[in-house]
Amino acid sequence: MAESRKPVISVHDLAKNYGELKVLRKIDMDIYKGEVVSVIGPSGSGKSTFLRCLNYLEELTSGEIDIGGVSLKGIDEDKHNKKLNEKAAKVIRKNVGMVFQQFNLWPHKTVLENVMECPVQVKKANKEETKKKAMELLARVGMDGKADAYPTQLSGGQQQRVAIARTLAMEPEVILFDEPTSALDPEFVGEVLDVMKDLAKAGMTMIVVTHEMGFAAEVANRVCFMDGGYVIEDGTPEEVFKHPKSDRAKQFFSKILNV
Ligand SMILES: Nc1ncnc2c1ncn2[C@@H]1O[C@H](COP(=O)(O)OP(=O)(O)OP(=O)(O)O)[C@@H](O)[C@H]1O
């Protein structure tokens, strides 16, 4: 049992500065297999920066992130950590997928090619097998009928579902979602959330920066409320939404939940 409680991601004393601006101040967090963590908080509180540090899209100023035994370390402690981080990131990115607000599909590749690209190029996987698997993943997100379409021929919701299939194609252990529905017209939000709900049900470990309080309340089993570069609430949706300890969270929820 002890083995299963080993965190998938362990964040210790993480800080991130942009010059003088202290964006993340001191983050300590362990994330376990199968957890669906919603990261919420006011604009500018550091949510996206935190997520981006987890797969080294941002350099860490200080502190440490451990993912599956591979570490990223702050460069304030030792400048040489930058080189080590770059090496570590190559391993980490194979285990940690990311879904972006703006989908980031390759515009000149078809839907199927988008999903096949990383396994074939990065993992050097067999093309025929990858194609079969890519079609299964497209079916899983309801996009197998559009395998030969190009991204510009799709709605935002459809593009985001393809982006999720593309991420799944790398068989990640964890998926990071950075405001995956924020760029969508309201009518397409539900279809993307439904795919994310299915992933959560299937046991995928997910960290989701979102303004969708409904998703956070219904699907997440853990909610982290960030403010000013700190995680100031961390608990079940019930605990954080209904019984926040901090005045800052109480204020924030009373505004957005209209209570
Ligand atoms: N590359 C950068 N260079 C300088 N400052 C940055 C950079 N990226 C983010 N910031 C600043 O860091 C702070 C936190 O940004 P971040 O995007 O992490 O916040 P957020 O909580 O995700 O906000 P939002 O909900 O509006 O997306 C903001 O003040 C932002 O302007």
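Note that this is a predicted model, so its numbers are computed, not measured. Whatever order the structure lists ligands and atoms in, that order sets their numbers, starting from 1.
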* Structure fact -> The atoms of ligand 1 lying under 4.0 Å from a heavy atom of Glu179, numbered in the order shown, are 24 (P), 25 (O), 27 (O)
* Structure fact -> When distances are taken from atom 15 (O) of ligand 1, the protein heavy atom at minimum range is Thr49 OG1, 3.8 Å
* **Stepwise side chain to side chain donor-acceptor pair (under 3.5 Å) check, Ser71 with Glu64** => CA-CA 7 Å; Ser71 291; Glu64 184 167 354; 3.1 Å; yes
* Tell me, which protein residue and heavy-atom name are nearest atom 10 (N) of ligand 1, and how many Å apart are they? -> Tyr18 CE1, 3.5 Å
* To do: Classify the angle between the aromatic ring planes of Phe241 and Phe253 as parallel (below 30°), tilted (30 to 60°) or perpendicular (above 60°).
  => perpendicular
* To do: Considering only non-hydrogen protein atoms, determine which one is nearest to atom 11 (C) of ligand 1 and report residue, atom name and distance to 0.1 Å.
  => Leu21 CD2, 3.8 Å
* Would you check the N or O atoms of Val23, main chain and side chain alike, for any that come under 3.5 Å of an N or O of ligand 1? => no
* contact_flag Gly44 ligand 1 heavy-atom lt 4.0 Å -> yes
* Structure fact -> Ser182 and Gln101 have their tightest heavy-atom pair at CB-NE2, 3.4 Å
* Salt-bridge criterion met for Glu59 and Lys82 (N-O under 4.0 Å) -> yes
* Structure fact -> Nearest non-hydrogen protein atom to atom 17 (O) of ligand 1, with distance, is Ser48 CB, 3.7 Å
* **Closest approach of any protein heavy atom to atom 25 (O) of ligand 1, naming residue and atom** => Lys47 NZ, 2.7 Å
* Structure fact -> Note: ligand 1 atoms sitting under 4.0 Å from heavy atoms of Gly46 are 14 (C), 18 (O), 19 (O), 20 (P), 21 (O)
* **Taking every non-hydrogen atom, the tightest pair across Met29 and Cys224** => CE-SG, 3.6 Å
* Atom pair CG (Asp227) and NZ (Lys47), whose distance is rounded to the nearest 0.5 Å -> 9.5 Å
* Taking both backbone and side-chain atoms of Glu58, is any N or O found less than 3.5 Å from an N or O belonging to ligand 1? -> no
* By number and element, which atoms of ligand 1 are closer than 4.0 Å to a non-hydrogen atom of Pro42? -> 21 (O)
* To do: Start with the C-alpha gap between Ile65 and Leu54, add the side-chain angles, then the distance that decides, and say whether side-chain contact (heavy atoms from CB on, under 4.5 Å) holds.
  => CA-CA 7 Å; Ile65 298 171; Leu54 295 178; 4.0 Å; yes
* For Ser182, is the nearest heavy atom under 4.0 Å from an atom of ligand 1? -> no
* Structure fact -> The atoms of ligand 1 lying under 4.0 Å from a heavy atom of Ser43, numbered in the order shown, are 23 (O), 24 (P), 25 (O), 26 (O)
* Is ligand 1 under 4.0 Å from a heavy atom in the side chain of His211, in the backbone, in both, or in neither? -> side chain
* Distance-only, no hydrogens or angles: does the Glu233 side chain make a donor-acceptor pair with backbone N or O of Lys245 under 3.5 Å? -> yes
